[in-house]
2 protein chains.
Amino acid sequence: MTEDSKPPLTRIQQKNRDIILEAALTVFSTRGLRGATIDRIADAAGLSKPNVLYYFGSKDEIYRTLLTALLDTWLAPMLNIDSNGQPMDEVLGYVAAKLQLSRDYPRESRLFAYEVLQGAPHLEGILGGRLRDLVENTVAVLERWMAQGRLKPVEPHHLIFSIWALTQHYADFDVQVRAVLGPGHDPYAEAELYLENLFRQMLEP
Amino acid sequence: MTEDSKPPLTRIQQKNRDIILEAALTVFSTRGLRGATIDRIADAAGLSKPNVLYYFGSKDEIYRTLLTALLDTWLAPMLNIDSNGQPMDEVLGYVAAKLQLSRDYPRESRLFAYEVLQGAPHLEGILGGRLRDLVENTVAVLERWMAQGRLKPVEPHHLIFSIWALTQHYADFDVQVRAVLGPGHDPYAEAELYLENLFRQMLEP
DNA sequence: TGAAAACTTTACCAAACGGTCAGTTTGAGG
DNA sequence: CCTCAAACTGACCGTTTGGTAAAGTTTTCA
């Protein structure tokens, strides 16, 4: 009864599951869940369609696996905010970490964006549960810092939203950013400076 | 030769085209181009599938029609920035106008987000053409104001990006915003205050 | 080495999809 | 009221899609 029904993965399973998830991430993040086809994922993975379905029972299962794995990566920086650190350093560190996530994992950012755009049907209680709790904790820390006069007071929920919006924009709207800037720009490098200044101006007491 | 090949629309044509576009906007903005089906659009419009295709030759044509119409609405506020106005008022006015657009036309915002997420395949030269020119003009105005010391100097392209990111976030990530805030909040009302303060702090000389 | 387990493939569904067509109904103008 | 174009429909078609069945191949390990 208490068996975990988790047969250990063989070497081949491990490798092929990774290959499939890697390929699926690219496909899902450029076409969305409904726009992606198993054929395309199989193609990108260099496997046959039935072989892909040998490792994951359905397209949805691949998607859900990606989304679940993504969440931890995605929320990690917020957990890293140290309530005993210097407020300004902590906030700017969080902004920088989130921006780096957008730079290094743009596919994950876009996958998440697709999901939320749709109304987050696969994130059921998570947004209003785990995510909300995490935000509430951070909000409490921010409010303490503001009450102590170590940050200028602003609405902390919206401060968090603005960090998310500003950093993810560079991944999700990458095409637009690059088209508008034209060649010879490094959006992320410029954004790093811009955003540090922005939050400094807004929050430095 | 110079005939415009534009047969005038009958009353019924006008009405049904509008109904279809209205229904399609809802469907496209919640499922994306590929996730939407003509059947679903027809259903939402209360028309039969062949009848929908009587008014628009294909799904793509409906989509392109929506996207084109959307662009004008979308870019209008930027055209409204008055280079002879008070810099701070103009910038804050633009922010407020964009936020209102997100509040009043969230479906349009999400449709646009889907398109750009995909790499904007239907916006071919527009992002790097018309949009870029428009931004370049605005950037010039902003730079002048900054040079005159009427705004604190920041990188103007990224200032524009940040306005887009912050305002559209409330439409595109609506589900997340509401889930995190919990009930009893008016995200847009709060955002209005928050964003005004943000840009004031960042830009007021 | 040999047999079981793990892996892969070919061939194939049934459903959903974008779109067509032949013909019927509707309604505006004379 | 009649006529005819405009508006509409049901039946259909070829393709794509998610997924399965069954048989073949490779790997593992006793």
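Just so it is clear: chains get the letters A, B, ... in the order the sequence lines come, proteins before strands, and each one is counted from 1.
For A/Lys59 against D/dG19, no side-chain N or O and base N or O form a donor-acceptor pair under 3.5 Å.
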### Worked verdict on B/Arg144 versus B/Ser83 for side chain to side chain donor-acceptor pair (under 3.5 Å)
CA-CA 9 Å; B/Arg144 188 140 32 90; B/Ser83 55; 4.9 Å; no
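Between D/dG18 and A/Ser58, no contact under 4.0 Å exists linking OP1 or OP2 to a side-chain N or O. At the phosphate of C/dA6, neither OP1 nor OP2 sits under 4.0 Å from any side-chain N or O atom of A/Arg11. Not one side-chain nitrogen or oxygen of B/Asn16 sits closer than 4.0 Å to the OP1 or OP2 atom of D/dA6. In terms of phosphate contacts, B/Asn51 brings a side-chain nitrogen or oxygen within less than 4.0 Å of OP1 or OP2 of D/dT9. At the phosphate of C/dC7, OP1 or OP2 sits under 4.0 Å from a side-chain N or O atom of A/Tyr54.
Rounded to whole angstrom, the span from the CD atom of A/Gln13 across to the P atom of D/dT28 amounts to 12 Å. As a whole-Å value, the separation of B/Lys49 NZ from D/dG10 C1' is 12 Å. Going from atom OH of A/Tyr55 over to atom C1' of D/dG19 covers 18 Å, rounded to whole Å. The CZ atom of B/Phe56 sits 16 Å away from the P atom of C/dT20 (whole-angstrom rounding). In this structure, the CG atom of B/Asp39 is 15 Å from the P atom of D/dA11, given to the nearest Å. Straight-line distance from the CZ atom of B/Arg31 to the P atom of C/dA16: 13 Å, rounded to whole Å. C/dA28 atom P lies 10 Å from atom NZ of B/Lys15, rounded to whole Å. We find that CG of B/Leu33 is positioned 13 Å from C1' of C/dC17, with the value rounded to whole Å.
Closest to the side chain of A/Ser48, out of C/dG18, C/dT20, C/dT9, is C/dT9.
Taking the centre of each ring, B/Phe28 and B/Tyr63 come in below the 6.0 Å mark. If you look at A/Phe161 and B/Phe173, their ring centroids are not closer than 6.0 Å.
B/Leu53 comes within contact range of at least one nucleobase, with a heavy-atom separation under 4.0 Å. Within the 4.0 angstrom heavy-atom criterion, only backbone atoms of the sugar-phosphate kind lie near B/Thr37; the bases stay farther away. Within 4.0 Å (heavy atoms only), B/Ala36 reaches sugar-phosphate atoms of the nucleic acid but no base atom.
Nearest-nucleotide positions on DNA chain C for B/Ile12 and B/Arg40 put B/Arg40 closer to the 5' end.
Geometrically, B/Lys98 engages B/Trp74 in a cation-pi contact defined by less than 6.0 Å to the ring centre and at most 45° from the axis.
With B/Tyr55 contributing its side chain and B/Gln13 its backbone, the two residues share no donor-acceptor pair below 3.5 Å.
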